[in-house]
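Take a look at the structure below.
Here the structure is a predicted model, which is why all the values come from computation and not from measurement. Counting begins at 1 with the first residue of the sequence.
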Amino acid sequence: MRRTVAVTAIAGGALAAAVLAGTTALAGTTGTAATPTSSTQTCSADCLGNGTGSGRAGAQGQGMRQGNGQGNGQGNGRGNGQGGQGRGMGNGVGNGGDHAALPASGTLTADQKAALLSMAEEEKLAHDVYVALAASSGDSRFTRIAGSEARHADAVRTLLDRYGLADPTAGKAEGQFADPAMASLYTKLVAQGSVSLDAALEVGRTIERMDIADLAKATAGVTAADVRQVYANLTAGSQNHLRAFGG
């Protein structure tokens, strides 16, 4: 999520690795003989991490599974076995946090680093506004999506750590932001959304549309695979959230 005043899912919340409601999960798996097996891991929507699932493979080997998570964090995945001719289809479940130890998979320009920093605040903005609107409206959608935004923010923080960037949201309470413009926007959106449930849902749609647009801008020109993946996951999550809010 990034607008002219700040890029970011987000930034605040605006990138999970993925950690997030459409997600992609990556994990190493070992191909088995032609008998399907299945396993699952508990995972909320919108997360990145290890994917496991049922599949068939024609040979022993190491493989990668990739899956798109839905609202329940589960999705379809494909895996290609390496060291054999195995190819499997299965259901992948993502588990956030496992990518934190991985090194950066590319380089970022100064502008791309600034966009990533803004995304952290934007994701936090979405989370904090939804927490406030959950309390004022009593609508469970805001509670659920606030949890998703928290995972988005964790995904972006993972990238900040990988690329040696200080987290601008560290130590900030709900409604507090390093960027004064973001703090002002938080106050404005909470006030608008507290009038009624319809007004709250409109604020939700506004935030998600802003996130989608800002993520598109932030993605342009980025070659680092891990950053592109997180941005893609955050975009898919925002699209799901927009639908949930009636957009």
Side-chain angles (χ1 to χ4, degrees), residues 1-3 6-27 43-51 64-70 73 75 77 92-127 145 147-170 207-208 210-242:
M1 297 189 292
R2 168 187 171 124
R3 79 182 318 180
V7 180
T8 111
I10 310 225
L15 104 106
V19 252
L20 322 117
T23 81
T24 298
L26 300 176
C43 176
S44 301
D46 301 333
C47 59
L48 288 179
N50 289 331
M64 298 293 291
R65 287 200 189 284
Q66 190 169 28
N68 291 321
Q70 301 302 319
V93 180
N95 174 348
D98 294 328
H99 285 205
L102 296 178
S105 67
T107 58
L108 299 177
T109 66
D111 286 346
Q112 289 166 353
K113 289 178 180 180
L116 187 59
L117 289 165
S118 293
M119 193 60 63
E121 287 215 281
E122 196 165 333
E123 291 300 334
K124 183 180 186 301
L125 171 73
H127 169 271
I145 295 176
S148 175
E149 297 294 355
R151 291 185 290 276
H152 288 200
D154 285 343
V156 176
R157 292 185 185 110
T158 295
L159 293 178
L160 293 178
D161 183 61
R162 285 189 198 174
Y163 287 88
L165 302 175
D167 179 8
T169 70
I207 289 175
E208 298 306 333
M210 180 180 72
D211 288 352
I212 292 168
D214 288 346
L215 283 163
K217 294 176 185 176
T219 303
V222 173
T223 59
D226 53 352
V227 177
R228 291 186 64 86
Q229 183 65 74
V230 169
Y231 283 173
N233 291 347
L234 298 187
T235 298
S238 288
Q239 290 168 340
N240 285 342
H241 299 167
L242 180 58

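- Judged by distance alone, the side chains of Thr169 and Arg157 do bring a donor and an acceptor atom under 3.5 Å apart.
- Rounded to the nearest 0.5 Å, atoms NZ (Lys217) and CG (Asp111) are 13.5 Å apart.
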Next item on the list: Check step by step if side chain to side chain contact (heavy atoms under 4.5 Å, CB included) holds for Glu149 and Ile207.
Entry: CA-CA 11 Å; Glu149 297 294 355; Ile207 289 175; 5.5 Å; no

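- Contacts of Thr223 classified as side-chain hydrogen bond (donor to acceptor under 3.5 Å, both in side chains), with partners at least two apart in sequence or in another chain: none.
- Nearest heavy-atom pair, His152 versus Gly237, reported as atom, atom and distance to 0.1 Å: CE1-CA, 4.1 Å.
- Between the CG atom of Leu116 and the CG atom of Leu160 there is a distance of 4.5 Å, given to the nearest 0.5 Å.
- Looking at every heavy atom in both residues, Ser105 comes nearest to Ala225 through OG-N, 3.3 Å.
- Residue Glu121 comes nearest to Pro168 through the heavy atom pair CG-CG, 3.9 Å, listed as atom of the first residue, atom of the second, then distance.
- The CG atom of Leu159 sits 7.0 Å away from atom OH of Tyr231, with the distance rounded to the nearest 0.5 Å.
- Taking CG of Asn233 as the reference point, atom CZ of Arg228 lies at 12.5 Å (rounded to 0.5 Å).
- Here the shortest heavy-atom pairing between Gln239 and Ile212 reads CG-CD1, 3.8 Å.
- Residue pairs satisfying the salt bridge (Lys or Arg N to Asp or Glu O under 4.0 Å) criterion with at least one member in residues 230-242, sequence neighbours excluded, are absent.
- The shortest non-hydrogen separation linking Gly221 to Gln112 is O-NE2, 3.1 Å.
- Between Ala115 and Ala218, the shortest heavy-atom distance links the atoms CB-CB, 4.2 Å.
- To the nearest 0.5 Å, atom CG of residue Asp226 and atom CD of residue Gln229 are 9.5 Å apart.
- In this structure, Leu215 CG and Leu234 CG are separated by 5.5 Å, a value rounded to the nearest 0.5 Å.
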